[in-house]
Amino acid sequence: MSILRLSAQAALLLGLASFTTVPAFAQAGQAAKAGQTPKAGDADEKPEVKLPALVVGSKAPALSIEKWIKGQPVPAFEKGKVYMVEFWATWCPPCIASMPHISELQKKFAAQGLTVIGVSALDKRGNTLEKAEKMVADKGDGMGYTVAWDKDRSTNEAYMEAAEQGGIPCSFLVDQNGMIAYIGHPMQIEKTLESVMANKHDIKALAAGYKKDIEIEAQSKPIMGAMDAAGQKKDWDGVLAQMDKLIALDGEKFGGYVAGKFQVTAFQMKDSAKAYTDAKAWYAAAKDPSLDALNAIAWTIVDPESQIDNRDVDFALTLAKRANEIKKNEDPAMLDTLARAWFLKGDLDKAVETETRAVAKSGDNEKLKKDLEKSLEEFKDAQAKKTKG
């Protein structure tokens, strides 16, 4: 599978990659630190949770900037204005993929007082001021917001390290009172941002929600550890049981594990009939089905490289349509899944139309665009042959 089929904030499922025959699907959350994988026997225990120094509800630290690469300097956060501080690097593909969306947010909310500040810093992976300046110049309006170069990684330390955030891109939303209202992936910020821009947010409620997320993350790690241990033993019933625990723990955050159950049942247990029965029962009962699960199951069915022994394209089409309704036909990878389903159904016109939109929505992600264009060429060739008779 060459195209990311899941939401942008997703992180690789802990341990599953080691025993699945298809690429591991994603789930929100941070990977366990090396040497800290929980033991299987700890799965039912609730670990004590210690909050990071910087959380939602904290006072936003001051910025320490060596050079303002683009835009007007922001010496301090002004009361009554909103700021989005986003950490990125030139070597980071997800950061680059997020830039058009971040630019759109800046443009959309500029009149209401939003200032987006992209902060980059020297690191061991080759991020330099010269490379950052070149990327900003090359991107032009593709980085339509203020860009700054961190001073001795001081801002990174005050935000990323204090919040115990290990991955980029990562954004921090500072509200009108200088309080942190959001910490996370910039692609998931819009709902909170809209509320903050309208000054209708409840900072105490946001802080409580963030604390709950951290607690759920801590509770999920031993379950993931138990799932990994079961997988190493090829105890697939045990793997499914731990996936059920994750879904029960938080259906919104871990709903994508429904796709994991489908994949394990179909591939490891070699029971595609049961995989379909369970997935269809889930979909029929779900009022608000997981977007990750919808798209991942659909792609598992239609993926040309999939080893599934029964391609229920009608079911895949149903799931792909629902996923694209949720994403308002804006996500290129999910549009690609839908296009492939139309292609397998024999509706080449819809396949070409949908894949064309996917290419248009791929933005600056050159790898994704190349893959999508290859599929579009395949669909157009089939369309031309059909027209010729």
Side-chain angles (χ1 to χ4, degrees), residues 1-10 21-26 92-104 135 138-143 187 256 259 262-263 290-308 310-389:
M1 190 191 316
S2 58
I3 299 173
L4 180 64
R5 299 289 161 184
L6 306 169
S7 57
Q9 84 284 13
T21 57
V22 293
F25 65 92
C92 170
C95 299
I96 296 170
S98 299
M99 289 172 182
H101 179 67
I102 296 172
S103 298
E104 290 175 7
M135 178 168 284
D138 290 345
K139 290 290 183 182
D141 292 340
M143 291 182 75
M187 298 298 284
F262 180 84
Q263 293 170 344
S290 162
L291 180 62
D292 282 359
L294 289 170
N295 196 54
I297 295 173
W299 181 248
T300 301
I301 298 168
V302 302
D303 181 2
E305 300 176 7
S306 175
Q307 299 299 310
I308 197 163
N310 174 22
R311 293 185 189 272
D312 189 336
V313 179
D314 287 330
F315 184 48
L317 187 61
T318 296
L319 300 182
K321 283 181 178 179
R322 184 70 177 275
N324 279 280
E325 286 173 3
I326 295 171
K327 293 296 288 185
K328 299 179 181 179
N329 294 308
E330 295 290 325
D331 186 291
M334 294 188 183
L335 285 164
D336 178 60
T337 302
L338 179 59
R340 178 65 62 176
W342 282 125
F343 177 73
L344 293 178
K345 281 291 292 180
D347 195 328
L348 302 181
D349 291 341
K350 286 186 178 178
V352 169
E353 177 186 353
T354 306
E355 197 70 11
T356 299
R357 183 174 179 84
V359 171
K361 292 293 180 180
S362 59
D364 293 335
N365 191 330
E366 294 301 326
K367 175 64 170 64
L368 175 60
K369 181 175 289 186
K370 184 177 180 180
D371 285 338
L372 296 175
E373 288 175 340
K374 183 177 180 181
S375 294
L376 179 58
E377 183 179 353
E378 176 189 358
F379 299 162
K380 283 184 175 180
D381 286 346
Q383 185 185 45
K385 291 178 181 177
K386 182 178 180 180
T387 301
K388 291 180 181 179

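Hydrogens, waters and symmetry mates are skipped; everything else that's a heavy atom, side chains included, is used.
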Which value, rounded to the nearest 0.5 Å, describes the distance between [X] atom [atom1] and [Y] atom [atom2]?
{"X": "T300", "Y": "Q307", "atom1": "OG1", "atom2": "CD", "result": "12.0 Å"}
{"X": "S98", "Y": "M143", "atom1": "OG", "atom2": "CE", "result": "11.0 Å"}
{"X": "E330", "Y": "I326", "atom1": "CD", "atom2": "CD1", "result": "14.5 Å"}
{"X": "I297", "Y": "D312", "atom1": "CD1", "atom2": "CG", "result": "11.5 Å"}
{"X": "K385", "Y": "L348", "atom1": "NZ", "atom2": "CG", "result": "11.0 Å"}
{"X": "M334", "Y": "K328", "atom1": "CE", "atom2": "NZ", "result": "14.5 Å"}

Is there side-chain contact between [X] and [Y], with heavy atoms separated by less than 4.5 Å?
{"X": "K361", "Y": "K327", "value": "no"}
{"X": "N295", "Y": "D331", "value": "no"}
{"X": "L338", "Y": "L317", "value": "yes"}
{"X": "K350", "Y": "F379", "value": "no"}
{"X": "E353", "Y": "W342", "value": "no"}

Heavy-atom closest contact ([X] atom, [Y] atom, distance):
{"X": "L372", "Y": "E355", "result": "O-OE2, 3.3 Å"}
{"X": "I301", "Y": "I308", "result": "O-CG2, 4.2 Å"}
{"X": "V313", "Y": "A341", "result": "CG1-O, 3.6 Å"}
{"X": "P332", "Y": "L368", "result": "CG-CD2, 3.7 Å"}
{"X": "R311", "Y": "P304", "result": "NH2-O, 3.7 Å"}

Can you name the side-chain contact (heavy atoms from CB on, under 4.5 Å) partners of E377, sequence neighbours left out?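 So E377 forms a side-chain contact (heavy atoms from CB on, under 4.5 Å) with D381.
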[X] side chain to [Y] main-chain N or O, any donor-acceptor pair under 3.5 Å?
{"X": "R357", "Y": "L335", "value": "no"}
{"X": "N324", "Y": "A320", "value": "yes"}
{"X": "S306", "Y": "V302", "value": "no"}

Evaluate side-chain contact (heavy atoms from CB on, under 4.5 Å) for D138 paired with M135, printing each intermediate quantity in order. CA-CA 5 Å; D138 290 345; M135 178 168 284; 5.7 Å; no
Should R340 and D336 be marked as a salt bridge (Lys or Arg N to Asp or Glu O under 4.0 Å) after you check the CA-CA gap, both sets of side-chain angles, and the distance that decides it? CA-CA 6 Å; R340 178 65 62 176; D336 178 60; 5.7 Å; no
Is it true that, when you exclude [X] itself, more than 12 heavy atoms of the residues, nucleotides or ligands shown sit nearer than 6.0 Å to its [atom1]?
{"X": "K345", "atom1": "NZ", "answer": "no"}
{"X": "D141", "atom1": "CG", "answer": "no"}
{"X": "K369", "atom1": "NZ", "answer": "yes"}

Partner set under ring pair (Phe, Tyr, Trp, His ring centres under 6.0 Å) for F315, not counting sequence neighbours: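 With sequence neighbours excluded, F315 shows a ring pair (Phe, Tyr, Trp, His ring centres under 6.0 Å) to no residue whatsoever.
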